[in-house]
Amino acid sequence: MAAGATPLAPNARSVRNVAFVEGVRTPFGKAGEKGMYAGTRADDLVVNAIRELLRRHPELPPERVDEVAIAATTQIGDQGLTIGRTAALLAGLPKSVPGFALDRMCAGAMTAVTTTASGIGFGAYDIAIAGGVEHMGRHPMGEGVDPNPRIIADKLVDPTALVMGQTAENLHDRFPAITKQRTDAFAARSQEKYAEAVKTGKIGPELVPVATRSKELGWGLATEDEPPRPGTTVEQLAGLKTPFRPHGRITAGNAAGLNDGATAALLADEDTARELGLPIGMRLVGYSFAGVEPEVMGIGPVPATEKLFARTGLSIDDIGLFEINEAFAVQVLAFLDHFGIADDDPRVNQWGGAIACGHPLASSGVRLMTQLSRQFAERPDVRYGLTTMCIGIGMGGTVIWENPAFEGAK
C-alpha cells in the first residue's frame with residue numbers, strides 16, 4: 001500500500017449472501033378495454049406493490065433502501081420516465097433513494113432482481129427493491145418500436161422471431177414429440193392446480209389489493225386474478241382456434257394471455273436482514289442468462305439452466321422445486337423433456353402458472369420467485385429451487401435459490 005493511502009472498508013470487494021426477503025404482486029388483469037385495469041395507470045400498479053412491501057415491513061427504515069429497480073418492456077407513457085425512480089417517489093420513499101428502469105422483455109423483473117442482487121453481493125447496496133410492471137392494455141407489446149430493417153433484410157433472424165406465438169409454433173416443429181395434446185393437457189393441469197391453490201389459500205397472501213376505476217362501473221377493488229378459467233378441460237382446449245398458423249398447435253388455451261400487473265420484491269444482504277429483523281425467504285445461489293435463435297426463443301431456459309449448473313456445480317437432481325414461466329406450454333415441456341422430467345412432475349409449478357394466472361411480461365419473474373419462496377417455507381426437506389423463463393428475441397434466464405428452512409436429510 002502506498003504511503004498515506006486509505007485502506008478499504010472491510011466489506012469492500014467482498015461477496016455477501018443475498019436474501020430474498022419477500023415478494024408481492026397485484027392481482028393480474030386481462031388486457032384491454034374490458035379488463036379490470038383499463039382505467040388504472042401502469043405506474044400506480046407498481047407503486048401499490050412497493051407500498052405494500054413497506055407496509056408489511058415496518059422494521060425497515062425507508063431511508064435504508066439503497067436502490068429501486070423496476071422493469072417494463074414497453075417503456076413509454078405511464079411505463080416510461082425512469083419508472084424505478086418515479087415509482088419510488090410516488091410510493092413515498094425518501095428522495096434520497098435512487099431508482100432506475102430496465103428492460104429484458106419477459107425477464108425484466110428477473111433481471112431487476114439479479115442486477116440489484118449483484119450490487120448487494122458486491123457491497124454496493126444493503127437493501128434494494130426490484131420488480132416489474134406491464135400494462136399490456138395501455139401498451140401492447142411492440143408499441144412505438146421501430147425494429148431496424150436490417151434484422152430481417154440481412155437475415156439475422158427469421159421473420160417469425162418477432163411474433164412470440166409463431167416462435168412457439170416453431171418450437172413444436174423442432175420437437176415433434178411435443179404434441180398439441182400434451183400442451184393442452186399441461187394447460188388444463190395448470191388451471192386445475194391454480195384453482196386448487198387459490199381454494200387452499202396458497203395463492204392470495206402475496207396479493208396487493210388495487211383500487212380500480214371504470215367509466216361504466218365506477219370505483220372498484222381488484223383482489224384476485226382475472227385471467228384464470230377454472231374447470232377448463234382438455235376437450236374444451238382441443239377445439240380452440242390456432243391464430244398463428246392454420247391447423248397449428250398454439251391457442252389461447254395453452255399459452256399465457258395478454259395481461260396487466262405489477263410485482264415487487266425486497267432484497268437484502270443477509271447480515272443486514274438479520275440486523276433489522278427482516279425475514280429471509282430464500283438465499284440466492286446463482287443466476288445465468290443465455291441467448292438462443294430468436295425464432296425458437298422458448299428453448300432459452302435450457303441453455304441458461306445448463307450454464308448455471310456448470311457454474312454452480314449443481315445438477316437437475318439437486319433441484320427440489322421448479323417455477324417455470326408458462327409463456328407457452330410447449331416451452332415448458334421442451335425444458336422438461338430436455339432434463340428428463342415428467343409432464344406432471346409434482347415438483348413443477350405446484351400452484352399452476354402463467355397459463356392460468358397471466359403473464360404481464362416484465363413483472364412475471366418476481367411472481368415466480370415469490371411463489372418459490374412461499375413454497376420453501378412449507379418444504380424444509382427441499383434445499384434448492386429454480387426459477388426460469390424464456391425471453392423474447394431469443395434468450396432464457398434461470399436463477400437458483402437455497403431454502404433457509406432446509407433441515408437436511410432426515
Which heavy atom of Asn48 sits nearest a heavy atom of Asp44, and at what distance? ND2-O, 2.7 Å
Please test Arg367 against Asp225 for salt bridge (charged side-chain N to carboxylate O under 4.0 Å, His left out), starting from the C-alpha separation and ending with a verdict. CA-CA 13 Å; Arg367 179 188 69 80; Asp225 294 321; over 6 Å; no
Quick one about His135 and Asp43 (side-chain donor to acceptor, distance below 3.5 Å, no hydrogens or angles considered), yes or no? no
Trace of the salt bridge (charged side-chain N to carboxylate O under 4.0 Å, His left out) decision for Arg189 with Asp344: CA-CA 8 Å; Arg189 281 194 300 273; Asp344 58 354; 5.6 Å; no
Are the side chain of Glu206 and the backbone of Gly204 linked by a donor-acceptor contact shorter than 3.5 Å? yes
Between the main-chain N or O of Thr251 and the side-chain N or O of Asn254, is there a donor-acceptor pair closer than 3.5 Å? yes
On a heavy-atom basis, the closest approach of Asn17 and Arg283 is CG-CD, 4.1 Å
Expected output: side-chain Thr114 to main-chain Thr111 donor-acceptor under 3.5 Å: yes
Apply the side chain to side chain contact (heavy atoms under 4.5 Å, CB included) test between Phe100 and each candidate in Thr115, Ile70, Ile83, Val68; give the one that qualifies. Thr115
Checking Arg374 side chain against Lys202 main chain: does a donor-acceptor pair fall under 3.5 Å? yes
Identify the two heavy atoms, one from Leu368 and one from Ile324, that lie closest to each other, and give their separation to 0.1 Å. CD2-C, 4.2 Å
Is there a side-chain contact between Phe186 and Val330, using heavy atoms and a 4.5 Å cut-off? no
Closest approach of Gly253 to Ala187 (non-hydrogen atoms, all atoms of both residues): O-CB, 3.3 Å
Here the pair of heavy atoms bringing Ala49 nearest to Ala264 is CB-CB, 3.8 Å
Quick one: list whatever passes side-chain hydrogen bond (donor to acceptor under 3.5 Å, both in side chains) with Gln79, sequence neighbours left out. Glu134
Does the Asp66 side chain pair with the main chain of Ala128, one donor and one acceptor, at a distance under 3.5 Å? no
Output for pair (Arg213 CZ, Leu217 CG), nearest 0.5 Å, gives 13.0 Å
Assess the residue pair Glu224 and Val198 against the criterion (side chain to side chain contact (heavy atoms under 4.5 Å, CB included)); give the C-alpha distance rounded to whole Å, side-chain angles, the decisive distance to 0.1 Å, and a yes or no. CA-CA 9 Å; Glu224 59 186 26; Val198 171; 5.9 Å; no
Under 6.0 Å from the CD atom of Glu59, do we count more than 12 heavy atoms belonging to anything else shown? yes
Exceeds 12 heavy-atom contacts within 6.0 angstrom, atom CG of Leu258: no
Can you tell me how far apart CD (Glu67) and CD1 (Ile120) are? Round to the nearest 0.5 Å. 10.0 Å
In Å and rounded to the nearest 0.5 Å, what is the CZ to CG distance from Phe175 to Asp337? 8.5 Å
Hey, is the main chain of Thr74 close enough, under 3.5 Å, to the side chain of Glu143 for a donor-acceptor pair? no
Whether the side chain of Glu407 engages the backbone of Asp381 through a donor-acceptor N/O pair (distance < 3.5 Å, no angle test) should be reported. no
Between Met389 and Ser364 the two heavy atoms that sit nearest each other are CE-CB, 4.1 Å
Any donor-acceptor pair under 3.5 Å linking the side-chain atoms of Thr398 with those of Thr388? yes
Under 3.5 Å donor-acceptor, Lys307 side chain and Phe289 backbone: yes
Show the numbers, then the answer: is there a side chain to side chain contact (heavy atoms under 4.5 Å, CB included) between Val399 and Met110? CA-CA 8 Å; Val399 187; Met110 176 178 279; 3.9 Å; yes
One pair to check against side chain to side chain contact (heavy atoms under 4.5 Å, CB included): Asp271 and Arg16. What are the steps and the verdict? CA-CA 9 Å; Asp271 289 340; Arg16 307 186 297 174; over 6 Å; no
Any donor-acceptor pair under 3.5 Å linking the side chain of His359 with the backbone of Asn259? no
Between the side chains of Asn349 and Glu326, is a donor N or O closer than 3.5 angstrom to an acceptor N or O? yes
Please test Glu52 against Arg55 for salt bridge (charged side-chain N to carboxylate O under 4.0 Å, His left out), starting from the C-alpha separation and ending with a verdict. CA-CA 5 Å; Glu52 179 66 9; Arg55 187 193 70 79; 2.8 Å; yes
Just so I know, are the side chains of Pro27 and Tyr37 near enough to count as touching, which here means a heavy-atom distance under 4.5 Å? yes
Distance check, rounded to the nearest 0.5 Å: Met36 atom CE versus Thr26 atom OG1? 7.0 Å
Go through the side-chain N and O atoms of Thr160 and Asn170 and say whether any donor and acceptor fall under 3.5 Å apart. yes
Please report the interatomic distance OH(Tyr384) to CG(Asn403), rounded to the nearest 0.5 Å. 10.5 Å
Could you walk me through whether Met141 and Met105 satisfy the side chain to side chain contact (heavy atoms under 4.5 Å, CB included) test, starting with their C-alpha distance in whole Å, then the side-chain angles of each, then the deciding distance to 0.1 Å, before giving a yes or no? CA-CA 9 Å; Met141 185 176 177; Met105 297 195 76; 2.7 Å; yes
Are any of the side-chain heavy atoms of Phe20 and Leu267 separated by less than 4.5 Å? yes
Quick check: does any side chain N or O of Arg347 sit under 3.5 Å from a backbone N or O of Ile319, one acting as donor and the other as acceptor? yes
Can you classify the ring geometry of Phe335 versus Phe339 as parallel (below 30°), tilted (30 to 60°) or perpendicular (above 60°)? tilted
With rounding to the nearest 0.5 Å, note down the distance linking CD in Glu63 to OG in Ser96. 7.5 Å
